[in-house]
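I have placed the structure first, in the form of structure tokens, so that the comments after it can refer back to it.
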Amino acid sequence: MNMMEIKNFSFTYAKASKPSLKNINLPIKKNQITALIGPSGCGKSTLLRSLNRIHDLYPGNKYEGEILLYNPQTNEYENILELKKENEFINLRQRVGMIFQKPTPFPMSIFDNVAYGLRLNGIKNKSELETRVEEALKGAALWNEVKDRLKASAMGLSGGQQQRLCIARAVALKPEILLFDEPTSALDPISTGAIEQLVAELKKDVTIAIVTHNMQQASRLSDYTAFMYMGELIEYNKTEKIFLNPDEKLTEDYITGRFG
Amino acid sequence: MNRLIVNKIIIALSVFSALFGIGVLFWILGTLTIKGIVSINWHIFTHDLVEKGIRNLIIGQFIMGILASFIAIPVGVAAGIYLREYNTNKFGEILRNLSDVMMSAPSIVVGIFVYGLLVDPIGHYNGFAGAIALAIMMLPIVISTTDSMLSLVPKELREAGIALGGSKHKIILQIVLRAAKVGITTGILLAFARIIGETAPLLFTSANNQYLTFDLTHQFPSLTVSIYNLANYPDEASINLAWAASFILTIVVLIINLLGRYITRNKG
Ligand SMILES: Nc1ncnc2c1ncn2[C@@H]1O[C@H](COP(=O)(O)OP(=O)(O)OP(=O)(O)O)[C@@H](O)[C@H]1O
Ligand SMILES: [Mg+2]
């Protein structure tokens, strides 16, 4: 089933003369990994950042169409483009988490980093915070490395550890969807391997959308792949199909490295 | 060949200018240290100006400096946050330029301005006016440091906070400010070092006082104004006291500056 359905979606940045995304139709399937690929500037990040409406941090952008998010409580879809109130956004972002290209640890302790979203969520009880933080750090395969220094600053962790901390921070909120924007492009191969393994494991609890420039990563990791080009969705299908036998010539050219 | 000669001349000229500049600096510091140290004794720290000491001057200067900080730091940091985080229109740009202009305003002008505002209408010099004048000197420095230190915080950090469901003001207060804390603190220290050595803003506002006082509604003692006055006296004792006061003031400013650098370095 689809966790999200993006329908006839167009997006125009404030002050831009033409849209960066044109009429996108794309499902994000539940408990699957969907990879977004395409050449630089084709709109992958723009699309991903629409899914939790982080664009709204900057005023003046224009959304058209629908982005439907499945709500397991009501068993219905709601259009996230209709959200207006601050608490609706907060709720959306806690359900749809995001991990960025560069690790973004907050300047505070490891524990406080992971507890940050929980505290925003109103959880104050100390023992509950402790169990949730431990759970999240275990979920992000970081617990063993940091359990003796939870009070230490997160800035002292390695890049790969920081990225897993950011994943733990997002996982702590028990989101339904996690968005990854090139999460390993700033990391060494070993850390990259660890993150990939982690993403693969997270799949059983969360739905994942990941932007990547790394074709091997997309083919190794994802179940579905969407190929984008110049703001349009060119082709979407099962990953094997896209990589072995794409319908579009453009897709094939991109995957075989003929451009981009 | 020709190029080589020109090159040598230019190098010689720059070395000479550098040596000249450093020489003058050491001359000043040297004279200050020699004349200052011989004039320093226990007596001046335990007595007030009326008995040829500087106890009341040090205390007075710090009271006004700290009061000025209590005004300029919260207002300046808040204004800096507004400019960097909330300002999206022309109004903010005007404020930013205004603050930059204020930063280069001659300090005597600030003194005269506060004189017209808080001394003339009241009818007598007062320490409060002195503190306000110093706060006005300090404000644009705090604003511009806060503004530029916040601009160094990557936007990804703000986005990461928002992506966890934080509201904008919470993210600014709990994450962005914390990330810029070291830079802002250093800037504040340097701003304090700057105003603690100011004379002109105090000349027409707090004026001076021979005695130890905590009453900010009347003339208030300060090292800088006293140095200015003492240096004009004919007697040796007054002149020596001026040297001692100058030396101590320089040391204080130096220590605050070093502290600022130390904090920055340790953040590393
Ligand atoms: N803040 C912005 N304002 C205006 N245009 C923007 C903005 N951000 C991106 N764009 C434009 O939107 C288009 C899509 O950019 P986007 O960042 O989504 O590409 P991308 O596929 O993620 O590229 P990359 O692989 O390099 O990250 C580009 O043409 C870009 O120039
Ligand atoms: Mg991108």
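Reminder, nothing fancy here: chain letters follow the sequence lines and each chain counts from 1.
- Heavy atoms from other residues, nucleotides or ligands lying under 6.0 Å from CZ of B:Arg261 number 12 at most.
- Interatomic distance, B:Gln174 CD to A:Asp112 CG, rounded to the nearest 0.5 Å: 10.5 Å.
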Kindly indicate, with the supporting measurements, whether the criterion side-chain contact (heavy atoms from CB on, under 4.5 Å) is fulfilled by A:Arg93 and B:Leu164. CA-CA 6 Å; A:Arg93 287 166 188 151; B:Leu164 284 175; over 6 Å; no
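- Put simply, CD on B:Glu156 and CD on A:Gln101 are 8.5 Å apart, with the number rounded to the nearest 0.5 Å.
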Kindly determine whether B:Glu159 and A:Phe100 satisfy side-chain contact (heavy atoms from CB on, under 4.5 Å), including the steps that lead there. CA-CA 9 Å; B:Glu159 292 181 353; A:Phe100 299 80; 3.5 Å; yes
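- Of the inter-residue distances, the one linking B:Lys170 atom NZ with A:Arg119 atom CZ reads 12.5 Å to the nearest 0.5 angstrom.
- Under the 4.5 Å side-chain criterion, counting only non-hydrogen atoms from C-beta, B:Ile175 is in contact with A:Tyr116.
- Remark: A:Leu120 CG to B:Ser167 OG distance equals 7.5 Å, nearest 0.5 Å.
- The number of heavy atoms from other shown groups lying within 6.0 Å of NZ (B:Lys168) is above 12.
- For OH of A:Tyr58, the number of neighbouring non-hydrogen atoms (other residues, nucleotides, ligands) closer than 6.0 Å is greater than 12.
- Other residues, nucleotides and ligands contribute over 12 non-hydrogen atoms within 6.0 Å of the CZ atom of B:Phe247.
- Within a 6.0 Å sphere centred on OH of B:Tyr86, heavy atoms belonging to other residues, nucleotides or ligands number more than 12.
- Proximity to chain B (any heavy atom under 4.5 Å) is restricted, for A:Arg49, to the side chain, taken from C-beta onward.
- In this structure, chain A has no heavy atom under 4.5 Å from any part of B:Leu177.
- Each of A:Arg95, A:Met108, A:Met98 has some count of heavy-atom pairs under 4.5 Å with chain B, and the biggest count is that of A:Met108.
- When each of A:Asp56, A:Thr104, A:Asn87, A:Asn52 is scored by its heavy-atom pairs under 4.5 Å with chain B, the top score falls to A:Thr104.
- Heavy atoms of A:Pro105 lying under 4.5 Å from chain B belong exclusively to its backbone.
- The environment of B:Phe113 atom CZ is sparse: at most 12 non-hydrogen atoms of other residues, nucleotides or ligands sit within 6.0 angstrom.
- Here the NZ atom belonging to A:Lys102 is positioned 11.0 Å from the CG atom belonging to B:Leu157, to the nearest 0.5 angstrom.
- Ranked by non-hydrogen atom pairs under 4.5 Å with chain B, the options A:Arg53, A:Arg169, A:Met155 are led by A:Arg169.
- Around atom NZ of A:Lys147, more than 12 heavy atoms belonging to other residues, nucleotides or ligands sit under 6.0 Å away.
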